[in-house]
Amino acid sequence: MQVVRLPKRIVRLIITSFVSSCLFLVFLDDKNLTTFPLLTSSSFRPVSYSNTNDGSTQDLCKSFPRHLLQSIQPVLKMGWTESQKQIHAQLETVSACFDPNDLLIVSDYEETILGRVTIDIFETLPEEYRRRSRDFARHNAMKRKPLNMDDGRAETTHHKLGWKMDKYKFLAQVEYAWSTMPGRDWYVFYETDTYVLWDSMFRFLSTLDAAEALYIGSPSPGRRGTWFANGGPGFVLSRGAMQKVLGKDQGWLTSRGAKATRRDCCGDSVLGWMLWQARVPLSGFYPLFSLYAVDRVPFTERAWCQPVITMHKLTPGDMLRLWRWEHGNRKRDTPILFSDLYEFTGINETDVRYDWDNTSYDRLAPGRELAAETHESCRAACEADGKCLQYLWRGLQEKHCVLMPFVSLGKAGGQDAGSGMYVSGWMHSRIEDWRAGNVCEDAAWVHPSIARHF
Ligand SMILES: *[C@@H]1O[C@H](CO)[C@@H](O)[C@H](O)[C@H]1NC(C)=O
Ligand SMILES: CC(=O)N[C@H]1CO[C@H](CO)[C@@H](O)[C@@H]1O
């Protein structure tokens with residue numbers, strides 16, 4: 001057999017071009033991960049208050065830049081079976097400063113809550129959704145019953161059905177927003193347990209071009225290798241995106257997406273899939289749109305100087321506290337950053353918390369696990385490991401110790417609350433050293449990327 005021998009020079013050329021194209025790819029990827037400073041300015045007047053404990057909600061709302069709502073349309077999605085407490089917390093914080101006409105509330109039931117009218121978005125769906133659908137039949141039956149709001153909402157079968165029906169709201173709410181409030185620059189979709197820092201959102205949107213077809217949010221893996229914006233932290237569609245998808249046919253999403261919705265578990269992934277097919281792929285902005293609640297944010301370099309725009313799964317209590325805190329902590333030239341949020345958490349107040357579970361997770365910083373008889377020996381192991389900032393010890397039969405190179409708050413209890421199962425602790429002098437070396441001069445804005453996710 002004859003072996004073809006290439007001249008050395010050509011081999012070298014092939015190798016160098018291969019290596020440089022690899023480097024180029026790495027560089028491209030790297031660009032997605034690098035941050036850049038950007039001067040933005042708050043539209044709130046006053047930007048912040050020195051005392052936010054006494055003022056009423058209306059007082060604090062006086063600072064809200066309502067004129068921006070001529071170009072930015074908020075759309076809140078809720079469900080009739082959701083917890084009253086959660087809905088009220090949302091309407092008294094994130095959505096508190098909107099006039100009833102500023103905010104669209106889409107639900108599966110028409111009602112008035114705290115003076116705000118919700119619409120039954122299912123009424124807008126084409127007939128084929130209801131045809132032969134057991135879900136819709138059961139849902140209609142539920143709606144016909146006399147409703148006892150307090151109990152009805154908490155009832156499990158209702159709750160389950162409500163959750164199951166949630167997926168049918170996504171495509172419909174996008175069409176509804178565009179047809180009732182057409183031509184806005186931005187449509188911001190969020191849920192009752194989403195916390196939106198409007199100051200950060202307004203700054204962020206002011207840096208983008210609404211004429212471009214933009215679909216913005218926190219990336220989650222979807223169908224056939226595509227990515228969609230997770231519904232929890234909320235997502236944004238630009239005028240350009242709306243025009244591209246609905247410009248010619250206002251009902252394109254719901255009419256073409258019926259089958260996909262029936263098959264899929266979740267409405268956010270169906271929406272992402274439909275948008276992808278309409279050539280509006282996701283612009284991923286993690287961690288700015290964060291999947292984590294205050295107690296779960298893993299504070300690491302990738303979530304430190306970055307602005308916080310939205311968070312997900314906030315408890316009603318955290319929403320109320322955070323909203324007041326936010327009004328006392330806005331700055332004119334920088335949005336609220338994760339490093340600011342760290343101060344809100346109060347992690348620094350205690351060295352050890354008993355019966356306390358970290359429940360946190362950072363994909364890129366998994367931590368080191370080892371056996372430890374006592375939580376004191378777990379702490380000693382953390383002390384001995386220069387990278388360890390926080391530890392979690394699980395007692396009882398497990399005697400397991402996790403050393404973590406990041407910080408997060410966690411919360412009381414966990415599955416075995418009261419059993420003495422969990423002990424969490426922090427290395428505050430090390431954390432303070434880390435903070436001193438990572439002071440945020442500017443907000444670290446990021447380019448869109450789906451490589452950067454949860
Ligand atoms: C924790 O941080 C807050 C906010 O920066 C500060 O006011 C407080 O004094 C700190 N507490 C301790 C124990 O260092
Ligand atoms: C209950 C729980 O989620 N605990 C987690 C605490 O953090 C460590 C490190 O990330 C995880 O391994 C645990 O599962």
Side-chain angles (χ1 to χ4, degrees), residues 195 286-287 290-306 308 311-315 317-318 321-322 325 329 336-440 444 453-454:
Y195 195 92
Y286 180 85
S290 172
L291 294 170
Y292 304 106
V294 178
D295 55 349
R296 297 195 64 219
V297 172
F299 293 98
T300 58
E301 247 165 280
R302 60 189 193 124
W304 189 247
C305 295
Q306 287 76 0
V308 191
M311 286 184 279
H312 183 208
K313 289 203 174 137
L314 270 86
T315 60
D318 276 348
R321 273 194 327 120
L322 184 57
W325 178 85
N329 284 276
I336 286 175
L337 310 177
F338 280 93
S339 53
D340 300 316
L341 191 67
Y342 175 81
E343 295 188 8
F344 170 77
T345 63
I347 290 176
N348 66 336
E349 300 289 343
T350 30
D351 286 338
V352 183
R353 295 190 194 221
Y354 297 93
D355 209 11
W356 192 268
D357 188 355
N358 61 296
T359 65
S360 68
Y361 167 78
D362 187 13
R363 190 171 54 89
L364 301 183
R368 188 157 75 82
E369 312 201 10
L370 53 132
E373 276 301 307
T374 61
H375 67 86
E376 288 91 345
S377 57
C378 181
R379 186 177 186 91
C382 186
E383 247 152 21
D385 179 335
K387 285 203 197 95
C388 179
L389 298 179
Q390 166 184 312
Y391 61 88
L392 168 73
W393 182 73
R394 286 189 227 123
L396 304 181
Q397 321 80 337
E398 289 196 35
K399 310 238 184 289
H400 192 81
C401 172
V402 189
L403 310 181
M404 290 165 259
F406 61 90
V407 186
S408 75
L409 175 61
K411 59 183 170 201
Q415 291 138 309
D416 304 277
S419 64
M421 175 77 174
Y422 300 103
V423 179
S424 294
W426 295 266
M427 298 286 121
H428 284 305
S429 65
R430 234 174 243 168
I431 295 169
E432 290 310 313
D433 285 349
W434 187 86
R435 286 180 68 199
N438 288 277
V439 174
C440 305
H453 55 262
F454 44 87

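Count residues from 1 along the sequence. We use all heavy atoms of the structure for the numbers below, so side chains are in, but hydrogens, waters and symmetry mates are not.
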| field | Aromatic ring proximity, centroids under 6.0 angstrom, Trp434 and Trp304 | value | yes
| query | Would a line drawn from the ring center of His375 to the ring center of Tyr354 be shorter than 6.0 Å? | reply | yes
| message | Under a plain distance cut-off of 3.5 Å, with no hydrogens placed, do Arg379 and Tyr391 share a side-chain donor-acceptor pair? | response | yes
| said: Could you go through Trp356 and Val423, starting from their C-alpha distance and side-chain angles, then the distance that decides it, and tell me whether this counts as side chain to side chain contact (heavy atoms under 4.5 Å, CB included)? | reply: CA-CA 5 Å; Trp356 192 268; Val423 179; over 6 Å; no
| field | Full working for side chain to side chain contact (heavy atoms under 4.5 Å, CB included) between Gln390 and Met427 | value | CA-CA 6 Å; Gln390 166 184 312; Met427 298 286 121; over 6 Å; no
| said: Nearest 0.5 angstrom please: Glu376 CD to Glu383 CD, how far? | reply: 11.5 Å
| query | Charged N to carboxylate O below 4.0 Å: is that the case for Arg430 and Asp433? | reply | no
| query | Does Lys411 pair with Asp357 as a salt bridge, N-O distance under 4.0 Å? | reply | no
Looking only at heavy atoms, which two atoms of [X] and [Y] are closest? And how far apart?
X      : Y      : result
Ser408 : Trp426 : O-NE1, 3.2 Å
Phe299 : Phe338 : CE2-O, 3.2 Å
Tyr292 : Pro298 : CD1-CD, 3.7 Å

| message | Treating Asn438 as the side-chain partner and Arg435 as the backbone partner, does any N or O pair qualify as donor plus acceptor under 3.5 Å? | response | no
So [Y] and [X], do their side chains get closer than 4.5 Å, heavy atoms only?
X      : Y      : result
Glu369 : His400 : yes
Asn348 : Ile431 : no
Asn329 : Glu343 : no

| query | Yes or no on side chain to side chain contact (heavy atoms under 4.5 Å, CB included) for Arg302 and Leu364, after CA distance, side-chain angles and deciding distance? | reply | CA-CA 10 Å; Arg302 60 189 193 124; Leu364 301 183; 3.8 Å; yes
| request: I would like to know whether Tyr342 and Val297 meet side chain to side chain contact (heavy atoms under 4.5 Å, CB included); could you show each step before the answer? | output: CA-CA 9 Å; Tyr342 175 81; Val297 172; over 6 Å; no
